[in-house]
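To keep things clear, I will list the structure first and then write my remarks on it.
Proteins come first, then strands; the chains are lettered A, B, ... in the order of their sequence lines, and each starts at number 1.
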Number of protein chains: 2
Amino acid sequence: MFARPQVSVVKGGLVPVSEGSSPTQADVATLAGVSSQTVSRVANSRTNVDEATRGRVLSAMRQLGYRPNTAARALATGKFRMIGVISFALNAHGNARTLQAISSAAQDSGYSVNVIAVRASTGGAVREAFSALAAQAVDGIVLIEAQILDRPDLDLPHGVPVVIADGDLDQRFPSVDNNQALGARAATEHLLGLGHETVWHLAGPEDSYSARRRADAWRAALTAADAQVPPVSHGDWSAQSGYEAGRSLAARQEVTAVFAANDHMALGLMRALVEVGRVVPRDVSVIGFDDVAESGCFQPPLTTVHQDFEEVGRRCVALLLDEIAGCAAPGAVSTIPMRLVLRSSTAPPRSAAADGACSGPGDVRAGAG
Amino acid sequence: MFARPQVSVVKGGLVPVSEGSSPTQADVATLAGVSSQTVSRVANSRTNVDEATRGRVLSAMRQLGYRPNTAARALATGKFRMIGVISFALNAHGNARTLQAISSAAQDSGYSVNVIAVRASTGGAVREAFSALAAQAVDGIVLIEAQILDRPDLDLPHGVPVVIADGDLDQRFPSVDNNQALGARAATEHLLGLGHETVWHLAGPEDSYSARRRADAWRAALTAADAQVPPVSHGDWSAQSGYEAGRSLAARQEVTAVFAANDHMALGLMRALVEVGRVVPRDVSVIGFDDVAESGCFQPPLTTVHQDFEEVGRRCVALLLDEIAGCAAPGAVSTIPMRLVLRSSTAPPRSAAADGACSGPGDVRAGAG
DNA sequence: ACAGTATGAACGGACACTTGA
DNA sequence: CTCAAGTGTCCGTTCATACTG
């Protein structure tokens, strides 16, 4: 029972303790002349503290630059006030915007955000990310872009609240979704409405739920309109992949309208069309998906489907916080509407005006497959 | 000294404790038949544990799905194994990529990442973000895009290791930088080398260090080549702003070469040029900055300066970890090289072949200012 | 009695010592 | 005397409970 070695002794007077390490509740208490218990009450804005006392404590806190130690608080309460976000490719446009929104919303609710960028989609990496880092110091988890869940071996730890953004297929978790089907249908119907006999589709990767949902809706819209369903090409969301897939599309004279699963692939496709001398939208109409900020400056400005990623992020946080609070709706799906943004990359098919000149299959350059 | 209420009693046998809450060190200890101290030793891979014992503990941990409680560990060690990242606009291309890289690198070193997206650049918001959230549960901080630091009233908390990515001007903190000057100079010299009399500049926002550095290097390159320095226009990095600023540029017949401070503004500029019927690169050469993934699919494919954001992220983490470890180099600046990517948006000026036809100032549409 | 405030035990782990071979 | 394992107390907060005026 000697003098405790660590705690700086401020017995004497009102010397502000300003050593290297941050001040503790006890330091504040000493300075304010109250017990640390009272400081805790003030820090958590409890009721039963005298106004004058509260004021003293508050000013002591300010003077010392006191910040409650989150680790200690977390240990004591079992709550971390932190949400985890797991995502592939944070640099992907939509994911980045969603993350930004999540971060803002979390801050507003006094939560901080722990991001994990999963590099490979190897099941192990995801699970490890999940359990190792997130499950521990986090009150809940948002999973963005969840082809992750595709692999059935990935059992998410139960007990930890989870929300899936844009990717769930089963109903195990609440999820927030852009209304992909609505958007894709609107896009397809827009092109059909312009008079195109059918609409081709440049889809996203096969293991992406978003991509799959867009493709399904496209197919359904075509079928509903009694239009033929052409074979789909797949890209990986990148402009480059859109260009590569676009070359075959561009070579087929019968292609007059293409719905690309995102704006960047649409850009690549348009590049491919330019290269073979087909002009958009005169010869081929192109429609994108996402409405990335710069799509209005594409050449030509791209007609596309606008997604509200900010709203997705906000709702994810709201849902997750509900789950954390205990008022969980197990399979709740929150759906965000999308809208078509009309610009200049779509038009009625040329054939509507003058047909006939269309040369036969001899003109087709790439493989007929 | 009654039975402790919380800790589940596993006295009897080897019943795996699988209640709702996660197992503790003590649970593992009980199951393995050792003291919790030994479990701690195994968890931290200390040497002085018998191999057989270690094995027993390890299997007990596995059986229980034990994960050390990060809060408790942080409280005991004073280390959080977490780095904070503060950034404006996470959705901005470069920032997102840097964050992605930071996240990967941090994971590799066993750190997790706490992101804070600062919404407004109001000094208060930043400081609050900084001290309130980050300074607390974090071992160090990476600041991305630091016009933040511009305001002198923002005193970063001392004691917390900080690294600045792409934005420091003073030498208070170690920083990692793309070699903006090199890239901007290369871009300018490339255009000059093609025979353009001078190069115009579409700069980024005035309060961005990156933008400023690029503009400075452009100016220096011009001066070094005895070329006139035209007035600069400013955008906000967005394609839209590039378009708006680009309209004045496009209207001036004397503009034959423009260096845009990023690819998206270059895209907007090209759009503006198209609208007045000037073709790139025949009438005007355009060069961008960033080399965003899709710039090769622009119309025409954009010549630009490639930035290695991944390397920036990696180095930020490395530097920060050094600082945390104590081997800090106060004003260390780590610079990443950039390289020019030649595509199809630049060419010798048209006047080099045939001039004369250039109509006078009467043709200029927008204000001459 | 009642308002406020002080007290001591967790929370789960790490570490400096101490003890047992 | 060395190496394995155990004991005790602290990290900074919260919370239930006991205590003052």
**OP:** Please state how far atom CG in B/Asn69 lies from atom P in C/dA10, giving the value in whole angstrom units.
**Re:** 18 Å
**OP:** Output, in order, the C-alpha distance, side-chain angles, deciding distance and verdict of side-chain contact (heavy atoms from CB on, under 4.5 Å) for A/Val28 and A/Leu31.
**Re:** CA-CA 5 Å; A/Val28 177; A/Leu31 181 59; 5.8 Å; no
Original post:
Using rotation axes that map the C1' atoms of four end pairs onto the next four (five pairs an end), what angle separates the end axes of the helix from C/dC2-D/dG21 to C/dG13-D/dC10, to 10°?
Top reply: 30°
**OP:** State the OG-CG distance between A/Ser59 and A/Leu64, to the nearest 0.5 angstrom.
**Re:** 10.0 Å
Subject >> The single option from B/Leu90, B/Ile102, B/Asp166, B/Val312 passing side-chain contact (heavy atoms from CB on, under 4.5 Å) against B/Ile144 >> reply: B/Ile102
**OP:** Can you tell me the distance, in whole Å, between the CE atom of B/Met61 and the P atom of C/dG13?
**Re:** 11 Å
Subject >> Whole angstrom value for the distance that separates C1' of D/dG12 from CG of A/Leu64 >> reply: 15 Å
Original post:
For the atom pair CD (B/Glu311) and CZ (B/Arg97), what is the distance rounded to the nearest 0.5 Å?
Top reply: 12.0 Å
Original post:
A/Arg73 side chain to A/Lys79 main-chain N or O, any donor-acceptor pair under 3.5 Å?
Top reply: no
Subject >> Interatomic distance, B/Gln25 CD vs C/dC15 C1' [rounded to whole Å] >> reply: 12 Å
Original post:
Within this structure, what is the CG-to-C1' distance between A/Asn44 and D/dG12, rounded to whole angstrom?
Top reply: 13 Å
Subject >> Nucleotide-resolved protein contact map, nucleotides 1-7 of chain D, B/S/- at heavy-atom distance under 4.0 Å >> reply: ---SBBB
Subject >> Under 4.0 angstrom between B/Arg73 side-chain N/O and D/dC11 OP1 or OP2 >> reply: no
Original post:
C1' atom, C/dA9 versus D/dG8: distance in rounded Å?
Top reply: 16 Å
**OP:** Would you mind reading off the distance between A/Asp27 atom CG and D/dC11 atom C1', rounded to a whole angstrom?
**Re:** 13 Å
Original post:
Quick one: salt bridge (Lys or Arg N to Asp or Glu O under 4.0 Å) partners of B/Arg54, sequence neighbours excluded?
Top reply: B/Glu51
Original post:
For A/Phe80, does its backbone N or O pair with a side-chain atom of A/Asp139 as donor and acceptor, under 3.5 Å?
Top reply: yes
**OP:** Walk me through it: do A/Cys316 and A/Leu320 pass the test side-chain contact (heavy atoms from CB on, under 4.5 Å)?
**Re:** CA-CA 6 Å; A/Cys316 280; A/Leu320 190 60; over 6 Å; no
Original post:
Sub-3.5 Å donor-acceptor pair from the side chain of A/Asn114 to the main-chain atoms of B/Asn114, do we have one?
Top reply: no
**OP:** Take the protein atom CG of A/Leu75 and the nucleotide atom P of C/dA9, then report the distance between them rounded to whole Å.
**Re:** 17 Å
